[in-house]
Colleague: 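Got a structure here, written out as structure tokens. Questions coming.
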Amino acid sequence: MADKNDVPPHWEDDKLNRYEQALLLKGFLDQQYKSEFCSEDGTKSFVLNLDAEWGYGKTFFLNRFAKDLGAEHIVLRYNAWANDYAKDPLLSFISQITLELSEQLDKNGTSAEDNANRKRKFVDSALKVIKSAGKAAAPKLLTAGVSTLVLGFPILAGSPTESEGSDEQNNGPSLSEKDQENVTKTIGASVEAAMASVESDLFEEENSRRAAVESFRSSLTDIVSVLTEQTKSGEQTNSKKAPVFILIDELDRCRPDFTIELIECVKHLFSVDGLYFIFATDGQQLQAALNGLYGENFDAEIYFNRIFNKEIGLHIPDQRKVSEALINEYGLSTAAQDYDLILYAIDPLNQDSLSLVEDFRIVSEFFGLDLRSQKQLLSSFHTLILARKSLGLKTHSIPTLCLIVFWQRKKSFFRKLRNVPHSIHNAQDIEQDLRSIMSDGRYDISATTQSKDFGNRHHFPKSNVPIPTILMSFIQMSSHNPVDYLKQIEGTSARTSGTEAFYIGSLKREVQAAGADGLSRNPLINYFDQITMVS
């Protein structure tokens, strides 16, 4: 593990311990180049796929990793999402990379005259590639339609002048069999001549396209070589060494066709010595895009192996560490006291206290929230507790976090809980909706809570309570009319045995207090209305 004193400044905000992986990846890439690794096409190029789900910090990682690489190498960046509006990924990508390499040539190239010649040749070859790729395919010639254009009526469609199965006659003039045979031969010869001309054009266009690609790759190889030139003894003649890196990010957010075309463009056009690519993708999403374009039976694994020389997954961060980092980032480490939070879960690292970190961890794992979703959730939660604090209100942690997720992911379910809570009687009534909201969550996760022992006031038993059970307590209490609820409990005697979770007692007291004030509106309903305003 890297010493904290050795962590560079641009990694100081790394809360997921990704710097360790960055060190390993840089060492791996350095070794790949030193070992003179060759791709299947024989070039010393390399295409790496950095795989992680959307929202798990790929952009964060690439931004910092680019600085690590930039200390020794030329690093170019391409934001796929920023160029997704372009209909042609080839045009967009070649245009940007050509411009950036030309700028690098000005900084790290040889003489000004040589630079100008190389840039001119490179730009010209890039334009030829773009032009050749944009040519339309050969026009479709339909032999059956030619007679219509020549004579004004069809005779070569293989059908008689009288419609098959019909009593109606063709309105066009009739020809004898001999005349039809003569016309057929004449038009057939014309079509064959036209097809021969088209085939010749097609061959010429394909040869022209190949020549343009080879010219582009040759020019690209020359520029990469000049930018990373070494002496025979291995000394660097320029400030940067090989390979040149191109980092491509934000593919998760692009159109499927744009994503696939861009990846294939890189593989086929930019596979030259000394050029290394790093793609940041969501592998599952990329596979779905491939299946959408090529069909469900398309083997994405074979495709990945053909396109990428290696795939590396960003390690999945420990949820406890993520929760701690985010709670600290939003200044909520003392939120229980600062914002009058009613916490639910006992901190496993400190059995004597409840913990917002643990509450947040449990909810995040229950729903399977990625890092980006967790930030969105905590941002809304922070705003809500600030607002409730200003109104002198306490806030229940786990139910509030869950309600915010419902509002962000399935508003119909949120409104159902808000408008008809009395229609929900047990956890089974909400299980289907909960599971539809979860990504890769854990439905069986529980919170360890403390309870009150009515028979022994010095005893505070602990119990593991599933999230759906916690939600049901909140939902059922929100369904009561406070005045009626107060009357209901006033007619019952105080309990002298059994246990009750502290959070349930808090929910009851909140509704009772509203009843004592003569309010018919349940105060728990306010959570729903407030969440819609801050989330």
Side-chain angles (χ1 to χ4, degrees), residues 45-67 69-70 73-106 119 122-136 209 212-213 216-217 219-220 223-224 227 243-272 275-290 292-294 303-304 307-308 314 372:
S45 60
F46 195 79
V47 182
L48 174 77
N49 180 31
L50 190 67
D51 183 17
E53 291 182 23
W54 185 87
Y56 263 105
K58 294 190 294 295
T59 298
F60 177 94
F61 182 90
L62 280 187
N63 286 343
R64 283 145 190 80
F65 191 56
K67 293 182 179 179
L69 294 173
H73 305 272
I74 291 172
V75 179
L76 310 181
R77 303 291 301 272
Y78 181 79
N79 186 321
W81 170 244
N83 294 280
D84 182 64
Y85 66 89
K87 291 184 178 181
D88 186 356
L90 173 65
L91 173 60
S92 167
F93 187 74
I94 287 185
S95 298
Q96 180 171 327
I97 299 305
T98 300
L99 175 63
E100 292 192 18
L101 282 175
S102 297
E103 291 174 351
Q104 288 292 334
L105 201 59
D106 290 335
K119 283 197 296 184
F122 186 45
V123 171
D124 287 346
S125 65
L127 289 173
K128 287 178 181 177
V129 168
I130 294 171
K131 182 179 179 181
S132 66
K135 288 186 177 181
R209 185 194 67 79
V213 169
F216 173 78
R217 293 180 63 178
S219 182
L220 177 60
I223 287 180
V224 171
L227 291 176
V244 171
F245 286 92
I246 299 180
L247 277 52
I248 301 177
D249 192 17
E250 299 287 9
L251 283 168
D252 299 358
R253 305 171 68 184
C254 296
R255 306 187 320 267
D257 60 326
F258 185 94
T259 298
I260 302 304
E261 287 180 28
L262 176 60
I263 292 174
E264 294 182 347
C265 158
V266 166
K267 187 66 176 178
H268 298 307
L269 287 178
F270 287 81
S271 183
V272 302
L275 198 55
Y276 276 34
F277 282 87
I278 300 178
F279 285 92
T281 73
D282 178 343
Q284 289 186 339
Q285 190 172 354
L286 184 57
Q287 181 170 343
L290 287 166
L293 289 173
Y294 302 130
Y303 180 89
F304 291 160
I307 295 294
F308 303 122
L314 281 182
R372 194 169 300 183

Colleague: To the nearest 0.5 angstrom, please state how far the CH2 atom of Trp81 sits from the CD atom of Glu250.
Modeller: 9.0 Å
Colleague: Is there a side-chain contact between Leu251 and Leu286 in this structure, where contact means two heavy atoms from C-beta onward sitting under 4.5 Å apart?
Modeller: no
Colleague: Can you see which heavy atom on Ala80 is nearest to which on Leu262, and at what distance?
Modeller: CB-CD2, 4.2 Å
Colleague: Do Leu101 and Leu105 have side chains that approach each other closer than 4.5 Å (heavy atoms only, starting at C-beta)?
Modeller: no
Colleague: Between Lys119 and Asp106, does a salt bridge (Lys or Arg N to Asp or Glu O under 4.0 Å) hold up when you go through it step by step?
Modeller: CA-CA 9 Å; Lys119 283 197 296 184; Asp106 290 335; 3.0 Å; yes
Colleague: Enter the distance from Ser125:OG to Ile223:CD1 here, rounded to the nearest 0.5 Å.
Modeller: 7.5 Å
Colleague: Measuring from atom CG of Asn79 to atom CG of Leu62, what distance do you get when rounded to the nearest 0.5 angstrom?
Modeller: 10.5 Å
Colleague: Side-chain contact test, heavy atoms from C-beta onward, threshold under 4.5 Å: evaluate it for Gln104 versus Leu76 and give yes or no.
Modeller: yes
Colleague: Can you confirm whether Thr98 sits close enough to Phe122 that some side-chain heavy atom of one is under 4.5 Å from a side-chain heavy atom of the other?
Modeller: yes
Colleague: Only one of Ile263, Thr281, Leu290, Asn49 clears side-chain contact (heavy atoms from CB on, under 4.5 Å) with Phe304; which?
Modeller: Leu290
Colleague: So, taking the atom named CZ in Phe245 and the one named CD1 in Ile74, what distance separates them when rounded to the nearest 0.5 Å?
Modeller: 11.5 Å
Colleague: Could you give the distance from CG (Asn83) to CG (Leu91), rounded to the nearest 0.5 Å?
Modeller: 10.0 Å
Colleague: Give a yes or no on whether the backbone of Ser271 and the side-chain of Arg217 come within a donor-acceptor separation of less than 3.5 Å.
Modeller: yes
Colleague: Shortest non-hydrogen contact from Pro256 to Leu293?
Modeller: O-CD1, 4.0 Å
Colleague: Kindly compute the distance separating CZ (Arg372) from OG1 (Thr59), expressed to the nearest 0.5 Å.
Modeller: 6.0 Å
Colleague: Listed by chain and number, what are the side-chain contact (heavy atoms from CB on, under 4.5 Å) partners of Asp124, not counting sequence neighbours?
Modeller: Arg120
Colleague: Does Gln96 use its side chain to pair, donor to acceptor, with the backbone of Arg77 at less than 3.5 Å?
Modeller: yes
Colleague: Classify the ring geometry between Phe93 and Phe277 as parallel (under 30°), tilted (30 to 60°) or perpendicular (over 60°).
Modeller: tilted
Colleague: How far apart are the closest heavy atoms of Cys265 and Leu90, and which atoms are they?
Modeller: SG-CD1, 3.5 Å
Colleague: For Asp249, is there any backbone N or O sitting under 3.5 Å from a side-chain donor or acceptor partner on Lys58?
Modeller: no
Colleague: Quick one, Val47 and Phe270 - any side-chain contact, counting heavy atoms below 4.5 Å?
Modeller: no
Colleague: Can you find a heavy atom in the side chain of Phe60 that is under 4.5 Å from one in the side chain of Leu314?
Modeller: no
Colleague: Run the ring pair (Phe, Tyr, Trp, His ring centres under 6.0 Å) test against Phe61 and tell me which residues pass, sequence neighbours left out.
Modeller: Trp11, Phe65
Colleague: I'd like to know if the side chain of Asp51 and the backbone of Gly283 have a donor-acceptor N/O pair within less than 3.5 Å.
Modeller: yes
Colleague: Could you give all pairs that pass the salt bridge (Lys or Arg N to Asp or Glu O under 4.0 Å) test and reach residues 255-268, with sequence neighbours left out?
Modeller: Asp84-Arg255, Arg255-Asp257
